Amino acid sequence: MDNITIARLLDETAALLEIDAADPFRIRSYRRAAEAVEQQTTQLATLTGPDADPKALLAIAGIGKGMAANIRDLVATGSMPLRDELLAKYKPTMLELLRLPGMGPKTVALIWTALAVGDIDALEEAAKAGHLSTLPRMGEKFTLKLLKGIEDYRKNSGRFRIDDAEEHALRISALIREFPGIDQITPAGSLRRGRETVGDLDLLVTGPACEPGVVSAAVEHVASLPLIDKLLAKGQNKVSFTLRNNLQVDVRLLPRASYGAALQYFTGSKMHNVALRQRAIKRGLTLSEYALLRLEDNVIVAAASEEEIYRALDLDYIAPELRENSGELEAAANHSLPNLITLADIRGDLHMHTNATDGRDTIRQMAEAALARGLSYIAITDHSKHLAMTNGLDDARALAHVQRIREVDAEMDGRIRVLPGIEVDILADGALDLEDSTLSQMDIVVASIHSRFDQPIEETTARVLRAIDNPHVRILGHPTGRMLLKRDAYAINMDVVLQRAAELGVAVEHNAAPARADLNDLHLRLAKQHGCKIVVDTDAHATEELDRMWFGITQLRRAWLSAGDVLNTLPFDQFMAELRPKP
DNA sequence: GCCGTTTTCGGCCCGACTGTTTTCAGTCG
């Protein structure tokens, strides 16, 4: 059983305990344990055997004696006594009900005991038949909202890619800004933390129009934006609505003086905030979205900026990407936070396409665009022949392409280096689809698998291992073959692949394209642990796609990586010297 | 169920909004 499954089962148990009205703190500890398990880079199943160190599980924050026993049971039997007990009492489909708007654990439990309704279809039926109105606090309005919620849930229960979410954030911000007296609109929540996907959009608005007394006019403005599909809630300083694509947007309008506290609060994550508030209480303080206050006399200690709030809690400033309650508070307390990589650290982009295959722009255009973005070297890595739909290059065309790339390199006159390369496809048996003699002419050979989702893990893993054994391969592209939102992150044994890549000196690619995002933060941490050479690149198919490097950087930051952990932060000569030597 | 410079018991984050309530419980973030 892998960590993701263990985490899911613990989280499920937490939800069932909630429906069972168990001790809220006990529920929280199950949630916390689930998150902790999910963030481990070592598979817990290897720590539960008879000869494993019994202390290993207990070393993880949030896992004590009881939870360690639960995890051992899960690994050994696939379940655990408490979970079995709860599942005998409730139906597993009830967990889905919790995801409907307005349906919390109390309501789910109530309709189960009162009406024996435990799944979405039955709930819809009961609502339409008017059975819900016999229950307390569930009138006509509640029923209508619920039916709409069920409809929406069926239509779209997914999350949104970070780049899409950002685009919506920009559009909405522009409309809000039309109201006079709005200074600043900042996306908070998981968008600011740089999660690959966001469930909803949090926009923080501040300015003279948001001060108490006058804020209601600005609230009205936001609540009547033309792009609103459904208005979900409107309060004194908060407006929630959904767009036509079902993305939920929460807008909060807050006074300038509490901007820092509000930004901190709405950025989250929830677990980070809980831990931060606990720390505040230990220091005789209390933290809310308005301010950090001294408990004894309610005097404001900090509120205007995030920096002063963290400082007042004896912490170094914690970047949003790290706020997941996975050790960042401890590191901030003892000044051991990493010096996170930034976009400005990146000097080269090693993966891009041109109009020779499925790209849009020419070699020269890509080079000029990269230069304009401050890069000092790039590799042109068009597709090889196996990918017929991309007009992939056969050996002859690939060699001719090398010539043209070298010519452009010369034309650029040293302002930027343009390296000949290829994104070569890994065939089913692990061979590459071009001749070694062709590959020997390339500076950068990126070996990628483009379809692997239907194969057993062992086969896919063996295929990749064989491919990187080819001495011409310098970068393993799309290492997990993962497509975001259709993700099957474990269709390959990444532990084995990364270890072998490290031994061979093959760099592993972190693809910045949000649709690809091959290595998630766990993989990246694992790659660092194994001593892999990590490169981040854009896989750009047009000049403007070079801009998406920021997204890759954000993911690297989430994995606590510094510039020194990433190969293409090095100047050109050092970078080339660090790559696997050409045979 | 976890945790400890309040350490093996007694704590455990904070506030807004909704619906249906005449004072609040439940949900949400």
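Every chain is numbered from 1, with letters handed out A, B, ... down the list of sequences. Since the model is a prediction, treat every value here as computed from it, not as a measurement.
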query = Can you list the steps and then say if A:E18 with A:R31 is a salt bridge (Lys or Arg N to Asp or Glu O under 4.0 Å)?
reply = CA-CA 11 Å; A:E18 243 180 338; A:R31 288 247 150 78; 3.3 Å; yes
query = Hey, does A:L276 reach any base, or is it just sugar-phosphate, or nothing, if we go heavy atoms under 4.0 Å?
reply = nothing
inquiry  = Please classify the nucleic acid contact of A:I27 as base, sugar-phosphate, or nothing, using heavy-atom distances under 4.0 Å.
reply    = nothing
request  = Could you tell me whether A:K55 and A:D53 make a salt bridge, using a distance below 4.0 angstrom between a side-chain N and a carboxylate O?
outcome  = no
ask   = So what does A:L100 touch, heavy atoms closer than 4.0 Å: a base, only the sugar-phosphate, or nothing?
value = sugar-phosphate
query = Can a salt bridge be assigned to the pair A:R256 and A:D183 using a cut-off of 4.0 Å between side-chain N and carboxylate O?
reply = no
request  = Please state the C1' separation for the pair B:dT20 and B:dC24 - nearest whole angstrom.
outcome  = 10 Å
message = Please name the nucleotide paired to B:dT8 by Watson-Crick or G-U wobble geometry with both distances under 3.5 Å, or report none.
response = none
ask   = So which nucleotide from B:dG15, B:dG29, B:dT18 ends up closest to the side chain of A:D202?
value = B:dG29
ask   = B:dC17 phosphate, OP1 or OP2: any side-chain N/O from A:N237 under 4.0 angstrom?
value = yes
query = Of the nucleotides B:dC14, B:dG29, B:dT27, which one has an atom closest to the side chain of A:Y265?
reply = B:dG29
query = Are A:D316 and A:H335 close enough, and set up right, to give a side-chain hydrogen bond (donor to acceptor under 3.5 Å, both in side chains), and what steps lead you there?
reply = CA-CA 6 Å; A:D316 291 341; A:H335 311 296; 2.9 Å; yes
message = Return a single string for nucleotides 19-24 of chain B, one symbol per nucleotide in 5' to 3' order, where B is base contact, S is sugar-phosphate-only contact and - is none, cutoff 4.0 angstrom on heavy atoms.
response = SS----
ask   = Looking only at atom P, what distance separates B:dG10 and B:dT21, rounded to whole Å?
value = 41 Å
query = Counting any heavy atom closer than 4.0 Å, what does A:P24 reach on the DNA or RNA strands: base, sugar-phosphate only, or nothing?
reply = nothing
message = Distance check, C1' atoms only: B:dT7 and B:dC2, in whole angstrom units.
response = 13 Å
inquiry  = If you only use heavy atoms from C-beta on, which nucleotide in B:dG29, B:dC17, B:dG15 is closest to the side chain of A:R252?
reply    = B:dG29
note = Rounded to whole Å, the CZ-P distance (A:R99 to B:dG29) equals 12 Å
inquiry  = Using the side-chain heavy atoms of A:R277, tell me which of these nucleotides is nearest: B:dC12, B:dG15, B:dC13.
reply    = B:dC13
query = Should the pair A:R28-A:E35 be classified as a salt bridge under the 4.0 Å nitrogen-to-oxygen rule?
reply = no
Rounded P spacing from B:dC13 to B:dC3 in Å = 14 Å
request  = Remember a base hit wins even if backbone is also touched, and classify A:A280 as base, sugar-phosphate or nothing at under 4.0 Å, heavy atoms.
outcome  = nothing
message = Using the C1' atom as the point on both nucleotides, what is the distance between B:dC12 and B:dT18, in whole Å?
response = 28 Å
ask   = A:D250 has a side chain; which of B:dG15, B:dG29, B:dC13 sits nearest to it?
value = B:dG29
key: Contact summary for A:I182 and A:A209, nearest pair of heavy atoms   = CD1-CB, 4.3 Å
request  = Examine B:dC12: is either OP1 or OP2 under 4.0 Å from a nitrogen or oxygen in the side chain of A:Q278? Give yes or no.
outcome  = no
ask   = Is it true that A:K128 and A:E124 make a salt bridge, defined as a side-chain N closer than 4.0 Å to a carboxylate O?
value = yes
message = If the cut-off is 4.0 Å, is A:R28 near the phosphate of B:dC13, judged by side-chain N/O to OP1 or OP2?
response = yes
query = For A:K234, which contact category applies under a 4.0 Å heavy-atom criterion: base, sugar-phosphate, or nothing?
reply = sugar-phosphate
task = Kindly say if A:T286 contacts the phosphate of B:dC14, meaning a side-chain N or O under 4.0 Å from OP1 or OP2.
result = yes
key: A:R193 (side chain) donor-acceptor with A:T267 (main chain) under 3.5 angstrom   = yes
message = Near DNA chain B, counting only heavy atoms under 4.0 Å, which residues of residues 80-95 of chain A show up?
response = none
message = Below the 4.0 Å mark, does B:dG1 have OP1 or OP2 next to a side-chain nitrogen or oxygen of A:R26?
response = yes
Nearest-angstrom distance, P atom, B:dG26 to B:dT22 = 15 Å
task = Report yes if a side-chain nitrogen or oxygen of A:Y290 is closer than 4.0 Å to either non-bridging phosphate oxygen (OP1 or OP2) of B:dA16; otherwise report no.
result = yes
query = P atom, B:dG11 versus B:dG19: distance in rounded Å?
reply = 37 Å
task = Give the minimum heavy-atom separation between A:A14 and A:I27, together with the two atoms involved.
result = O-CG2, 3.7 Å
ask   = Taking the same atom, P, in B:dG15 and in B:dT8, what whole-Å distance lies between them?
value = 30 Å
ask   = Does any N or O donor sit under 3.5 Å from an N or O acceptor when you compare the side chain of A:K270 with the base of B:dG29?
value = yes
